[in-house]
Amino acid sequence: MSPPSPVPFFYRVDKFTLQMERRSHSYINHRLRPSPGCRSRSTLSPSQTSKGSLSTSLRPPSDISPRSAVMTTSPLRKRCSSFVYTITSPSRFRRNNVDTLRGINRSVLSSGLKVVSIILSVNDICELFLSAIFLNLAAHLPFATVHVPFLINTLALFYNFGKSWKSDPGIIKASEEQKKKTIVELAETGSLDLSIFCSTCLIRKPIRSKHCAVCNRCIAKFDHHCPWVGNCVGSGNHRYFMGYLFFLLCMICWMMYGCISYWRIHCATSYAKDGFWLYLTQIASCSPWMFWMFLNSVFHFMWVAVLIMCQLYQIAALGITTNERMNARRYKHFKVTATSIESPFNHGCFRNLIDFFEIRCCGLMRPVAVDWTTQYTIEYDQTSGSGYQLV
């Protein structure tokens, strides 16, 4: 006999809410007593009571349904009990209870994903530290050309990871008075459109911004939400995110270099002498753990390299973000064709890189710094031929 199938979670939630509904009805029927300003049937005169009434007291729950407990013949009792019934309404209670449980589950899942992403993101760093400490490669590798660059790369990686994780990605903030003023202004001008107004944050969305469903906030120049850093990538930390990808790629290269150096020092085999297949089997049997770390590094190298190349292509060649590239047809300021996307923010490959990374080079270059949290409109200057200009 097969074991019974487990009860789905939301079925258990509905069963729980059904029990609470019954308790609320029992509360209405049993616990509800008239206030001093309300008269019960026992205090009414015989002429005021309905004809054929079986009892002068409150009827038991078996004689009355939850809704008829409110719809009684007495107007005073109807007014007294309607407020309690409204608060303990079954449909409202069910909706609030399920939404609360879903919100709790969503927050717990988001916190768990952040912890897991942080652990996985420093996985390669921990492996490289372990290989350098426990495998005793320090005595066989040169200090100036290997150890010093490795330490610099490690510090830069931790710095950019911390800035991508904890820095402000460009959260659009507004006070309650500003929210009310924005709603009134947009309503009066007839431009209360969801494309420029966030119904969740109740703010006017700047251009290139988007509401993040994971963080539940609007981010200026929104690129994407990265689970590896546990934060959104926007105008405030996009440069640090690119630095994190670059130094992470360098760290993976250091990892593969350390594995090859270990095989060259500790394994009695060589690729030139034994050939590919024999060399592969010998290094795998010499140190299976090191062989696994090399395969893991190759896998991470592939997706990190693809990610950083896609990011550089969007920044330098297109002048757009990941969100704008995926949803370009939703925005009116993009001209989308079958093969290309014309962006008003594309000022050439060289200029895009200077503006993005804010390269000044001792004053020789002047990047254009734009506060994307306050930019709302774009004006197209057709007379000067200079393209789009921010106003």
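Predicted model, so just to flag it, every value in this text is computed and none were measured. The first residue in the sequence is number 1, and the count goes up from there.
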Novice: How far does CE of Met256 sit from CE of Met293, to the nearest 0.5 angstrom?
Specialist: 13.0 Å
Novice: Once rounded to the nearest 0.5 Å, what's the spacing between atom CZ of Arg330 and atom OG of Ser195?
Specialist: 11.5 Å
Novice: Do other residues, nucleotides or ligands put more than 12 heavy atoms under 6.0 Å from Phe291 CZ?
Specialist: yes
Novice: Would Leu249 end up clustered with Trp165 when hydrophobic side chains under 4.5 Å apart are linked, directly or stepwise?
Specialist: yes
Novice: Just how far is it from atom OG1 of Thr321 to atom CE of Met326, taken to the nearest 0.5 Å?
Specialist: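 Reported to 0.5 Å precision, the distance equals 10.5 Å.
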Novice: Counting C-beta onward and ignoring hydrogens, is there a side-chain heavy-atom pair between Asn346 and Ile320 closer than 4.5 Å?
Specialist: no
Novice: If we ignore hydrogens and angles and just use 3.5 Å, is the side chain of Asp168 paired with the main-chain N or O of Ile171 as donor and acceptor?
Specialist: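 Yes, the answer is positive, given that a donor and an acceptor are paired below the 3.5 Å cut-off.
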Novice: Between Thr269 and Asp274, is there a side-chain donor-acceptor contact under 3.5 Å, judged purely by atom types and distance?
Specialist: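 Distance-only check passes for Asp274 and Thr269.
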Novice: Identify, with sequence neighbours excluded, every residue that meets side-chain hydrogen bond (donor to acceptor under 3.5 Å, both in side chains) alongside Thr189.
Specialist: Ser191
Novice: Mind listing the closest non-hydrogen atom pair of Asn323 and Phe222 along with its distance?
Specialist: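 Looks like CB-O, 3.5 Å.
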Novice: I want to know whether Trp228 and Phe241 have ring centres closer than 6.0 Å.
Specialist: no
Novice: Measuring only between side-chain heavy atoms, which start at C-beta, is Phe356 closer than 4.5 Å to Asn352?
Specialist: no
Novice: Given side chains that start at C-beta, do those of Val370 and Val368 come closer than 4.5 Å, heavy atoms only?
Specialist: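 A side-chain contact exists here, since the closest heavy-atom pair is under 4.5 Å.
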Novice: Would you sort out whether Val336 and Glu342 count as a side chain to side chain contact (heavy atoms under 4.5 Å, CB included), showing the intermediate values?
Specialist: CA-CA 6 Å; Val336 184; Glu342 296 184 10; over 6 Å; no
Novice: Which atom names give the shortest non-hydrogen contact between Leu248 and Leu157, and what distance separates them?
Specialist: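 So the minimum-distance heavy-atom pair works out to N-CD1, 3.6 Å.
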Novice: With sequence neighbours excluded, tell me which residues meet side-chain hydrogen bond (donor to acceptor under 3.5 Å, both in side chains) with Arg325.
Specialist: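 Arg325 satisfies side-chain hydrogen bond (donor to acceptor under 3.5 Å, both in side chains) with Gln314 once adjacent residues are dropped.
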Novice: Tracing side-chain links under 4.5 Å among I, L, V, M, F, W and Y, which residues wind up in one group with Tyr159?
Specialist: Tyr240
Novice: Nearest 0.5 angstrom please: Asn160 CG to Ser167 OG, how far?
Specialist: 10.0 Å
Novice: Honestly curious: do Leu278 and Leu280 fall in one hydrophobic cluster under the side-chain, below-4.5 Å linking rule?
Specialist: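 No; Leu280 is not reachable from Leu278 via cluster members.
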Novice: Under a 4.5 Å side-chain heavy-atom rule over Ile, Leu, Val, Met, Phe, Trp and Tyr, are Leu186 and Ile203 clustered together?
Specialist: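 No, Leu186 and Ile203 fall in different hydrophobic clusters.
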Novice: Any side-chain heavy-atom pair from Cys250 and Ile252 closer than 4.5 angstrom?
Specialist: no
Novice: In Å and rounded to the nearest 0.5 Å, what is the OH to CH2 distance from Tyr271 to Trp263?
Specialist: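 If I round to the nearest 0.5 Å, the distance is 13.5 Å.
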Novice: Could you walk me through whether Cys349 and Arg351 pass the side chain to side chain contact (heavy atoms under 4.5 Å, CB included) check?
Specialist: CA-CA 6 Å; Cys349 180; Arg351 189 68 191 180; over 6 Å; no
Novice: So, for His224 and Cys226, which heavy atoms are closest and what is the spacing to 0.1 Å?
Specialist: NE2-CB, 3.6 Å
Novice: Have Asp371 and Thr373 got a donor and an acceptor in their side chains that come within less than 3.5 Å?
Specialist: yes
Novice: Determine whether Phe299 and Leu295 satisfy the following criterion, side chain to side chain contact (heavy atoms under 4.5 Å, CB included), listing intermediate values before the conclusion.
Specialist: CA-CA 6 Å; Phe299 170 73; Leu295 295 179; over 6 Å; no
Novice: Check this for me: Phe246, atom CZ, are more than 12 non-hydrogen atoms of other residues, nucleotides or ligands nearer than 6.0 Å?
Specialist: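 12 or below, so no.
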Novice: Are Tyr244 and Asn237 close enough that a side-chain donor and a side-chain acceptor fall under 3.5 Å?
Specialist: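 The criterion, which ignores hydrogens and geometry beyond distance, is not satisfied for Asn237 and Tyr244.
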Novice: Using 0.5 Å steps for rounding, measure from the CG atom of Asp355 to the CD1 atom of Ile315.
Specialist: 12.0 Å
Novice: Checking side chain to side chain contact (heavy atoms under 4.5 Å, CB included) for the pair Phe294/Met255: CA distance, chi angles, key distance, verdict?
Specialist: CA-CA 7 Å; Phe294 182 81; Met255 184 67 201; over 6 Å; no
Novice: Do Thr281 and Trp277 come within less than 4.5 Å of each other through their side chains, counting heavy atoms only?
Specialist: no
Novice: In the single-linkage hydrophobic clustering (I, L, V, M, F, W, Y; side-chain heavy atoms under 4.5 Å), do Leu353 and Phe247 co-cluster?
Specialist: yes
Novice: Run the side-chain donor-acceptor check on residues 177-184: report pairs under 3.5 Å with partners two or more places apart or on a different chain.
Specialist:
residue	atom	partner	partner atom	Å
Gln178	OE1	Ser175	N	3.1
Thr182	OG1	Gln178	O	2.8

Novice: Do Trp254 and Pro149 come close enough that some side-chain heavy atom pair is under 4.5 Å?
Specialist: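 Trp254 vs Pro149: side chains touch.
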Novice: Does any non-hydrogen side-chain atom of His238 lie less than 4.5 Å from one of Gln311?
Specialist: yes
Novice: Enumerate the salt bridge (Lys or Arg N to Asp or Glu O under 4.0 Å) contacts for residues 188-202, please, sequence neighbours excluded, ordered by first and then second residue.
Specialist: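 Every pair satisfying salt bridge (Lys or Arg N to Asp or Glu O under 4.0 Å) with a residue in residues 188-202: there are none.
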Novice: Does the side chain of Trp303 pick up a donor-acceptor pair with the side chain of His300 at under 3.5 Å?
Specialist: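 A pair is found: one side chain offers a donor N or O, the other an acceptor, under 3.5 Å apart.
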Novice: Tell me which donor-acceptor pairs under 3.5 Å the side chains of residues 206-220 have, and how far apart each pair is, sequence neighbours excluded?
Specialist:
residue	atom	partner	partner atom	Å
Arg208	NE	Glu324	OE2	2.7
Arg208	NH2	Gly319	O	3.4
Arg208	NH2	Glu324	OE1	2.9
Ser209	OG	Pro206	O	2.5
His211	NE2	Asn216	OD1	3.2
Arg217	NH2	Asn231	OD1	3.2

Novice: Any heavy-atom pair between the side chains of Ser199 and Leu194 that's under 4.5 Å?
Specialist: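 When only atoms from C-beta onward are counted, Ser199 and Leu194 do touch, with a gap below 4.5 Å.
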Novice: Indicate if Ile196 and Tyr376 have the same hydrophobic cluster label, given that clusters are the connected sets of ILVMFWY residues with side-chain heavy-atom separations under 4.5 angstrom.
Specialist: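 Shared cluster, no.
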Novice: Looking only at heavy atoms, which two atoms of Ala328 and Phe334 are closest? And how far apart?
Specialist: O-CB, 3.8 Å
